[in-house]
Amino acid sequence: MLRAHMCVSVLCRLSDKFVLQWVNIDRKIGCVQPAVGQVRWKTCRPAPFLTAKPNRALIDEPITLEGRHLPPHSPITVRARMHNEDGDLWEAFSHYNTDGRGVVNLTRDESVGGSYVGCEPMGLFWALQPAPGEREGLRLRKKNVETPYSVQLSLLEGHIPVPSSHGSNKEQRQRGEQELAAVTVERWYMAPGVRRTEIRQNGVVGTLFLPPGPGPFPAMLDLWGMGGGLIEYRSALFASRGFASLSLAYFGHKDIPGPLNTINVGDAYFKTALQFLQDHPQVCGDRMGVMGLSFGVYLALRIATQIDFNPRCVIGVNGPIGSFNKFSDSDGITESFEGNQTHWSYDEEGYVSFREVTTPNNIPPENKANVENLCCPLLYIVGEDDLSCAAIENADEIEKKIKDAGRSHLFTRLSYPGAGHLIEPPYTPNARASMWTTQPKKLITLWGGHLAPHAAAQEDAWKRTLEFMERHLRGKEDK
């Protein structure tokens, strides 16, 4: 019995010693500095992580990005990557240095390099550009507003150089980037509860967006430019902000009879669309406005001054006072936009600019909107680096005509240095140039705008646009 007891005691002591040795070894392993592929921790710390709040938001809502448990006072790259609906990769990079606690916060900290510099909380979104090797002339435009953009945000060790536009995706993967943490965010144009309805009624081709709830709601008629088709994302965002909105096609759409390269509708078409919107049971028929971008500005001004409709307000973004081609009262333009290229100009890369086409001096007087008859407030937004439209000159002429008519109180101008033609909802990337057409030959058009000032313009202009709509569509009408 004594020998048996001694054997058990010895075994217990040996077992305890064995366990303690492995505990000590395990603790040491936790603090070992890996040779490659990891951050070289000097002390034990939790794994890095990246948070995005909120991680599901509307496209015009800012988010807060913060990385924690990183090496103190160390270089870190934050990268954004996403694919558009055609599968093209877009990306942006920003370089930061962590603080003494190993934290980087994009709302507080300044980027010291990469796709942008300075404190830009949403810079990774508005700085997105096509990755090297992707197709030429891309422009980011949402087609299906019922799905989000999914953006992957990553923390990378060190300051990763921004890839050369002449490189390839394969070369990027070979750079040996070490991803420390990642999070995916969703960016939506449609808020939960917004209703989307395709409209094909009495010849009208469009899409109606209604906010959640029974209504009735103030409403906007939403018009785009000579790119044609049916663009929905701005209307979806208006509805997400409490305004009914009808995005209206008028050119280059398969459901509008006639050649795709001409405007085959006239004033009667827009009257029918407005009547549809006005008669809708969930729309406040006496609280409607019109918004246009580019050529849509001329149409918005024409609607407000030359047909039997009295909007509560008009908003124009970088558009002309008139049309170089005659706009028919009944059947639309008979000459295609491309038919007369007298005032087209080209830069050294062969990119086309339509700026001179829209210069007021080149527009026949009979083709200009009668803005002196305007009876409602007009907000005119100008990008001072617009290479597609003579926006400054058109704003000057519109303002002068309204002032000469004794109605200067109706005109408000927002003018943004460094902003281009495509002033759209905020935190979306600008395309300084993009593909205009591929038939009969490839043609890239110039829009203008530099990333940072254009982004600032979009953020401010969108805020001011919603305030303008709130004041004139939902508030008491000025007398």
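Just so we're clear, the structure is a prediction, and the values are computed from it rather than from any experiment.
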Aromatic rings F276 and H280: how do their planes relate, parallel, tilted or perpendicular, breaks at 30° and 60°?
perpendicular

Just checking, any donor-acceptor pair under 3.5 angstrom between side chains of [X] and [Y]?
| X | Y | answer |
| --- | --- | --- |
| T272 | N202 | no |
| D109 | N105 | no |
| S154 | E179 | yes |
| Q282 | R195 | yes |

Using a strict 4.0 Å threshold on nitrogen-to-oxygen distance, state whether [X] and [Y] make a salt bridge.
| X | Y | result |
| --- | --- | --- |
| R79 | E177 | yes |
| R355 | D386 | no |
| K400 | D404 | yes |
| E61 | R241 | yes |
| K463 | E467 | yes |
| E424 | R141 | no |
| R464 | D460 | yes |
| E198 | R196 | yes |

Applying ring-ring contact (aromatic ring centres under 6.0 Å, His included) to F354 and W436, what does each step give before you reach the verdict?
CA-CA 11 Å; F354 305 127; W436 178 257; 5.1 Å; yes

Are Y189 and Y233 an aromatic pair by the rule of ring centers under 6.0 Å?
yes

Can you confirm if the NZ or CZ of [X] lies within 45° of the ring axis of [Y] and under 6.0 Å from the centre of its six-membered ring?
| X | Y | value |
| --- | --- | --- |
| R234 | W224 | yes |
| K142 | Y149 | yes |
| R56 | W188 | yes |

F468/W462 under ring-ring contact (aromatic ring centres under 6.0 Å, His included): CA gap, chis, key distance, verdict
CA-CA 10 Å; F468 187 81; W462 183 250; over 10 Å; no

Distance check, rounded to the nearest 0.5 Å: I76 atom CD1 versus L155 atom CG?
6.5 Å

Rounded to the nearest 0.5 Å, the CD1 atom of I160 sits from the OG1 atom of T77 at a distance of 5.0 Å

Run the numbers on E356 and S345 for side-chain hydrogen bond (donor to acceptor under 3.5 Å, both in side chains), then give the verdict.
CA-CA 8 Å; E356 293 304 312; S345 60; over 6 Å; no

Heavy-atom distance under 4.5 Å between the side chains of T445 and W447, does that happen here?
yes

Check this for me: D308, atom CG, are more than 12 non-hydrogen atoms of other residues, nucleotides or ligands nearer than 6.0 Å?
no

Y380 and L414: CA distance, side-chain angles, deciding distance, side-chain contact (heavy atoms from CB on, under 4.5 Å) verdict:
CA-CA 6 Å; Y380 190 95; L414 303 178; over 6 Å; no

